[in-house]
Q: 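There's a structure below that I have some questions on.
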Number of protein chains: 2
Amino acid sequence: MPEFTTLDHASLNGAVYGALCDALIEGRFQPGDRLKIRDLAEQFGTSVTPIRDAILRLANDEAITFRSPRDIRIPGLSESRYMEIRAIRIRLEGLAAETAAQVATSADIEALERILRENEAAIAAGDRLKGTQLNQAFHFMLPQIAGLPVLNGILRRLWLQMGPHISDAYIPGGRAMIDHHYPVVEALKRHDPAAASMAIVDDILLGGKPILERIERGEERIARRA
Amino acid sequence: MPEFTTLDHASLNGAVYGALCDALIEGRFQPGDRLKIRDLAEQFGTSVTPIRDAILRLANDEAITFRSPRDIRIPGLSESRYMEIRAIRIRLEGLAAETAAQVATSADIEALERILRENEAAIAAGDRLKGTQLNQAFHFMLPQIAGLPVLNGILRRLWLQMGPHISDAYIPGGRAMIDHHYPVVEALKRHDPAAASMAIVDDILLGGKPILERIERGEERIARRA
DNA sequence: CCGTCAAAAAAGATGCATCAAGTATCGTGT
DNA sequence: ACACGATACTTGATGCATCTTTTTTGACGG
C-alpha cells in the first residue's frame, strides 16, 4: 500500500487492527482459518491485549466470527450473503459515483487515471496483490471524491468481509476487474451522474462475476455463517 | 424493549456493549457527554476490561469517538453528516422495503401492524422512549422481513450514530414519525416494491424533518466530528 | 487579576496472572 | 481393538497492577 491509502482504517489507535485488515484484504487469510490470540500476539511481538482489541473490532465488523466462544475463524461467504453485499454495494457505490460525478475536480480525475495506469502495470506484471489493492483503491476513491465518509466506512467493512474471497478469484478474472473502470472515469469527466452510476454498477456486476462463480462452485462447503 | 427486539446487538458476547447500545438509542447520552471507562466499570459493577471492549466496539461503529486518546465522547452530528446518513438510509431502506414487499407473508404484515398499534398507544400516552423504540422496531423489521442481515447490521450502526440526536427531537415531531409508516404496510400488503420503497423514503424524509431542523438550529456548536 | 509553569491527579493502554470452559489425550476396562 | 472416562492442556474472558500521557490545578510572578 505505497501511495494509495488502501483503507483509512486505524482511524483510532490500533496498529494491529490495521495490520489485520490489510492481511484480510490481501487474502493472507483463508476462509475457515482459525485465529488464536496468543499466537498472533507472539507473531506481532506484543501482548494479548492489543490483539484482543483488534479481534473484537474485526468481529464487530463481521470480518471474523466467533463460531464458539473459543473458536475464532475467518467466516465463509455464502452465495446469498454475497448477493446481498453486492446489492448493497450497487446502491451505495451508485450513490458515491453519482455524487462524485457532480463534484469531481480535474485533480480527482487525474488521481483516478493514475490508479488505472498503475493497475494496468500490475496486471501486465501479473501482480495479483497489487492488482487487488489498486482495484480497491479505485472503488474507495469514489466516496472520497464525493465527500461521503460514512459511506466510505460502510464499504470498508463490506470489503473486509469479501477480502478473503476476492483475492483468490483475481487471477481467473484477469482484466475483468479493470475494464469497467474506464467508463466510470469517462462519466466523471462529463459530470454525468447517471452514467457514472451505471458504469460502477456494471463493474460490480461484471467484475464480480469470477468471485460469484467461485462461490457457486464448491467453495460453500467452508461457507459457515455466523 | 419487551417483545420487539430493538436491535440484535450483542451478537457475540458483550452484555455491556448491548447495554450501551440501548442507552445510546434511548437517548440516555447527550452529544458531547464524556465517557470514562473506570466510571462505567463501577456503574456496571464490573472491571474495566469488558467496558473497554464495549467502548472499542462502539468507537469502531463510530457511535462514540476518541477526540483525543484520553477523551472519549458522544460525537455531535453535523448537518452534512446527517444528510449523508439520510441519503444512505434512503438507498438501503429502499432496498429493504422493495425486497420485503416481494416476500412479505401475512405474519410479517401482522407483526408490522402490531408495532403500529403499540406505537399509537405510546404516542397517545406521550411515552417518548417507547415511541422511539417502536419507530426503530418498525424500521428494523423491513430488512428482517426481506432477509437481509448485512443490511440490518449497517442500519443498526447508523442508528447508533443517530440515537443521541433523534430522541431529543421526538416530542416536537409528534405523529410525524408514525404517519408515514402506514403507506409502507399498505404497499407491502399489495406486494408493490416501488410503492414500498417510495413510502419508506417519504418516512425518512418527512419523519426525519424535526431531527434535521434541530440540527440546523443551534445544536451544531457541540457538533464535533471525529 | 491574569497568565504561565510545574506538580499531581486522572485516565486509557499495556501486560500479565488467573479463571473457566471446552478440547484433546491417554489410560483403563470390556 | 474399541469405547468410555478422567486428566491435562488449550484458549478466550476477566480482573488488576503498572505505565505513559494528558489534563487539571494551584502557586507564583507579572
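Just so you know, these numbers come straight off a predicted model, no measurement behind them. Throughout, a chain's letter reflects where its sequence line sits, starting with A, and its residues are numbered from 1.
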Q: Please report the distance, rounded to the nearest Å, between CG in B:Leu56 and P in D:dA13.
A: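 Spelled out: CG on B:Leu56 to P on D:dA13 is 13 Å.
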Q: So, for A:Glu93 and A:His139, which heavy atoms are closest and what is the spacing to 0.1 Å?
A: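 For A:Glu93 versus A:His139, the nearest heavy atoms are OE1-ND1, 2.7 Å.
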Q: Rounded to the nearest 0.5 Å, what separates atom CD1 in B:Ile90 from atom CG in B:Leu95?
A: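 The CG atom of B:Leu95 is 13.5 Å from CD1 of B:Ile90, to the nearest 0.5 Å.
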Q: Whole angstroms only, please: what is the CZ-P distance between B:Arg52 and C:dT14?
A: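 Computing the B:Arg52:CZ to C:dT14:P distance gives 7 Å.
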Q: Check side-chain contact (heavy atoms from CB on, under 4.5 Å) between A:Thr46 and all other residues, then give those that pass, not counting sequence neighbours.
A: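 Applying side-chain contact (heavy atoms from CB on, under 4.5 Å) to A:Thr46 gives A:Phe44, A:Pro50, A:Ile51.
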Q: Quick one: list whatever passes salt bridge (charged side-chain N to carboxylate O under 4.0 Å, His left out) with A:Arg73, sequence neighbours left out.
A: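 Once residues adjacent in sequence are excluded, the partners of A:Arg73 under the salt bridge (charged side-chain N to carboxylate O under 4.0 Å, His left out) criterion are A:Asp71.
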Q: Tell me yes or no: between the side chains of A:Asn135 and A:Thr132, is some donor less than 3.5 Å from an acceptor?
A: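 Note: A:Asn135 and A:Thr132 side chains miss the donor-acceptor criterion.
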Q: Listed by chain and number, what are the side-chain contact (heavy atoms from CB on, under 4.5 Å) partners of B:Ala146, not counting sequence neighbours?
A: B:Thr99, B:Ala100, B:Leu148
Q: Check the surroundings of atom CD in B:Glu42: do more than 12 heavy atoms from other residues, nucleotides or ligands lie under 6.0 Å from it?
A: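 Result for CD/B:Glu42: open.
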Q: I need the CD1-P distance between A:Ile37 and C:dA21, as an integer number of Å.
A: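 Rounded to whole Å, this separation is 17 Å.
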Q: Taking atom CD as the centre, does B:Gln30 end up with more than 12 heavy-atom neighbours from other residues, nucleotides or ligands that are less than 6.0 angstrom away?
A: yes
Q: How is B:Leu35 classified with respect to the nucleic acid when contacts are heavy atoms under 4.0 Å: base, sugar-phosphate, or nothing?
A: sugar-phosphate
Q: Would you kindly give the CG-to-C1' distance between A:Asp39 and D:dG12, to the nearest whole Å?
A: 13 Å
Q: Distance check needed: D:dG12 C1' versus A:Arg73 CZ, whole Å only.
A: 14 Å
Q: Report the residue (B:Ile72 or A:Asp71) whose heavy-atom-nearest nucleotide on DNA chain C is the more 5′ of the two.
A: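 Mapping each residue to its closest nucleotide by heavy atoms, the 5'-most match is B:Ile72.
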Q: Between protein and nucleotides 15-17 of chain C, what N or O pairs are separated by less than 3.5 Å?
A:
| unit_1 | atom_1 | unit_2 | atom_2 | d |
| --- | --- | --- | --- | --- |
| C:dG15 | OP2 | A:Thr46 | OG1 | 2.9 |
| C:dG15 | OP2 | A:Ser47 | N | 3.2 |
| C:dG15 | OP2 | A:Ser47 | OG | 2.8 |
| C:dG15 | O5' | A:Ser47 | OG | 3.4 |
| C:dG15 | N7 | A:Thr49 | OG1 | 2.6 |

Q: What pairs with B:Ser68 under side chain to side chain donor-acceptor pair (under 3.5 Å), at least two apart in sequence or on another chain?
A: none
Q: In whole angstroms, how far is the P atom of D:dT11 from the CZ atom of A:Phe66?
A: 14 Å
Q: Report, one pair per line, the protein and nucleotides 6-10 of chain D atoms (nitrogen or oxygen only) whose separation is under 3.5 Å.
A:
none

Q: I need the CD-P distance between A:Gln43 and D:dT11, as an integer number of Å.
A: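 Rounded to the whole Å, the gap is 14 Å.
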